[in-house]
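Note that the structure is a prediction, hence the values are computed from the model and not measured.
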Amino acid sequence: MTQLVDRAAVPQSTAADASTPVRPTTAAALARAQQEHAAGRRARLGAVVKAYVSLTKPRIVELLLITTVPAMLLAERGVPSLWLIAVVLVGGSLAAGAANALNCYIDRDIDPLMKRTSRRPLATHSITPRAVLIFGLVLAALSTVLMAVFTNLLATLLTVGAIAYYDLVYTLWLKRTTPQNTVWGGACGAAPVLIGWAAVTGGLAWPAWVMFAVVFLWQPPHFYALAIKFKDDYARAGIPMLPVVASMRRVGLETVIYSWLTVAASVALWPFGMTPVYGAVAVIVGALLLLEAHRLDGRARRGEPLKPMRLFHWSVTYLTLLCVAIGVDVFIQ
């Protein structure tokens, strides 16, 4: 039986086709193609690595570690084992990175609504939620094992507790339900002080708790400034940050109160074996923090633009200089 075929559906050779020579690929062209392919793979790999790193929020991790080393120096009244410092810094970085990655996983419903967080990997769908969850849990497990093997039980429990508090208490509950989220959420931000101290001594002494109080009380004025800047973002996402639910005069007042409490706590550390060098730094940088806090409060009372990022940036400088002063004070005793 003869099979009938639609000739119009079959490509027909033309004279032009027959006369066009087939040019072989040169070695140079092949090498260029391979290089372009490899470069594309490296770019994709680099983008993935960058996305995973961004989940850990490196700037926040860096700020947390600023408080850890001075606490360890003060606990030792000198320089602890460099190996121990390295273990605590790596373990602390992994723990903070785990907490931040899990925070991104939990907040994946609100991050796309906020301009400040809309470029995070889960908001842009560059990484799957499952991958982020696994990544965060793996970092948490690694930090726990590292601290358990090379430090002590108390430091390990504090590390695990800080991760759990940040993600389960703050992110899941406080952040979404109360304007006091910034205040009580400060406990996990101040935890590195206790972790560093416990890693050195195996216990917690009064100076550790005073340092904890400094960082704990410092966080409301620091973060209120950021919340003022991104007030509309938080409102859009339904997060009851204080600047969203209260007047700017109320925010300014609380900023001043917590700034005064921060400075008071920093000066309270002076009698615990610190020299006048630390005392002078605590008073001077504290006075500058108070000046900026009162300026924000004054602008709020007058109904002027608040310029909150001035306080935000100075608060970071304040904490850094105070921690440097603690470290220097240990060496000059």
Side-chain angles (χ1 to χ4, degrees), residues 44-65 68 89-148 156-192 195 219 222-223 226-227 229-241 244:
R44 290 191 294 272
L45 178 61
V48 171
V49 171
K50 183 179 179 181
Y52 275 102
V53 170
S54 71
L55 288 171
T56 65
K57 305 178 186 177
R59 290 184 179 180
I60 296 178
V61 174
E62 178 184 353
L63 190 60
L64 294 175
L65 297 183
T68 305
L89 290 181
V90 173
S93 297
L94 290 172
N100 290 329
L102 294 172
N103 167 267
C104 289
Y105 173 80
I106 296 168
D107 280 350
R108 67 190 184 278
D109 60 328
I110 61 175
D111 278 349
L113 305 177
M114 301 172 60
K115 184 178 180 181
R116 185 172 69 91
T117 58
S118 61
R119 293 187 179 182
R120 286 179 179 172
L122 281 174
T124 59
H125 306 289
S126 56
I127 303 179
T128 65
R130 181 174 181 273
V132 173
L133 177 61
I134 292 173
F135 177 65
L137 292 175
V138 168
L139 290 184
L142 288 175
S143 67
T144 302
V145 170
L146 189 64
M147 297 295 287
T156 304
L157 291 177
L158 287 170
T159 300
V160 174
I163 297 172
Y165 189 96
Y166 183 69
D167 289 316
L168 301 180
V169 178
Y170 171 73
T171 305
L172 272 176
W173 176 38
L174 295 174
K175 181 178 180 179
R176 298 175 183 239
T177 59
T178 172
Q180 293 301 308
N181 50 21
T182 301
V183 176
W184 298 111
C188 45
I195 294 169
Q219 288 183 87
H222 169 72
F223 202 78
L226 192 67
K229 170 73 173 178
F230 295 102
K231 174 185 174 182
D232 292 340
D233 265 4
Y234 286 115
R236 191 179 305 114
I239 302 300
M241 293 295 179
V244 174

Practice item. Could I get the full list of ring pair (Phe, Tyr, Trp, His ring centres under 6.0 Å) partners for Tyr170, not counting sequence neighbours? Key: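 For Tyr170, the residues satisfying ring pair (Phe, Tyr, Trp, His ring centres under 6.0 Å) (neighbours in sequence not counted) are Tyr166.
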Practice item. Could you pull out all residues at least two apart from Phe230 that satisfy ring pair (Phe, Tyr, Trp, His ring centres under 6.0 Å)? Key: none
Closest non-hydrogen atom pair between [X] and [Y], with its separation:
X	Y	answer
Tyr165	Gly185	CE2-CA, 4.3 Å
Ala96	Leu64	CB-CD1, 3.8 Å
Met241	Thr182	SD-OG1, 3.8 Å
Thr128	Leu122	C-CD2, 3.7 Å
Leu65	Gly92	CD2-C, 4.5 Å
Asp109	Ile106	OD1-O, 3.4 Å

Within the 4.5 Å heavy-atom criterion, are [X] and [Y] side-chain neighbours or not?
X	Y	answer
Trp184	Trp173	no
Ile239	Ile110	yes
Ser126	Pro121	yes
Leu102	Leu133	yes

Practice item. Measure the spacing between CG of Leu94 and OG1 of Thr144 and express it to the nearest 0.5 Å. Key: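 One gets 9.5 Å once the value is rounded to the nearest 0.5 Å.
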Practice item. Could you grab the distance from atom CG of Asp232 to atom NZ of Lys115, nearest 0.5 Å is fine? Key: 10.5 Å
Check your understanding: What salt bridge (Lys or Arg N to Asp or Glu O under 4.0 Å) pairs are there with at least one residue in residues 120-147, not counting sequence neighbours?
Key -> Asp111-Arg120
Expected list for residues 53-62: side-chain donor-acceptor pairs under 3.5 angstrom, two or more places apart:
| unit_1 | atom_1 | unit_2 | atom_2 | d |
| --- | --- | --- | --- | --- |
| Ser54 | OG | Ala51 | O | 2.6 |
| Thr56 | OG1 | Val53 | O | 2.5 |
| Lys57 | NZ | Asn103 | OD1 | 2.6 |

Exercise for review: Determine, stepwise, if the pair Thr68 / Ile195 fulfils side chain to side chain contact (heavy atoms under 4.5 Å, CB included).
Suggested key: CA-CA 8 Å; Thr68 305; Ile195 294 169; 5.9 Å; no
Study note, to complete from the structure: Applying salt bridge (charged side-chain N to carboxylate O under 4.0 Å, His left out) to Asp107 and not counting sequence neighbours gives Lys175, Arg176
Hey, can you pull the donor-acceptor pairs under 3.5 Å for the side chains in residues 134-143, sequence neighbours left out?
| unit_1 | atom_1 | unit_2 | atom_2 | d |
| --- | --- | --- | --- | --- |
| Ser143 | OG | Leu139 | O | 3.4 |
| Ser143 | OG | Ala140 | O | 2.8 |

Check your understanding: Does Tyr105 have Arg108 sitting over its ring (NZ/CZ under 6.0 Å from centre, angle to axis within 45°)?
Key -> yes
Check your understanding: Looking only at atom types and distance, does a side-chain atom of Thr156 sit under 3.5 Å from a main-chain N or O of Met147, one as donor and one as acceptor?
Key -> yes
Check your understanding: Hey, is CZ on Arg119 packed in by over 12 heavy atoms from elsewhere, all under 6.0 Å?
Key -> no
Exercise for review: Kindly determine whether Val183 and Gln219 satisfy side chain to side chain contact (heavy atoms under 4.5 Å, CB included), including the steps that lead there.
Suggested key: CA-CA 7 Å; Val183 176; Gln219 288 183 87; over 6 Å; no
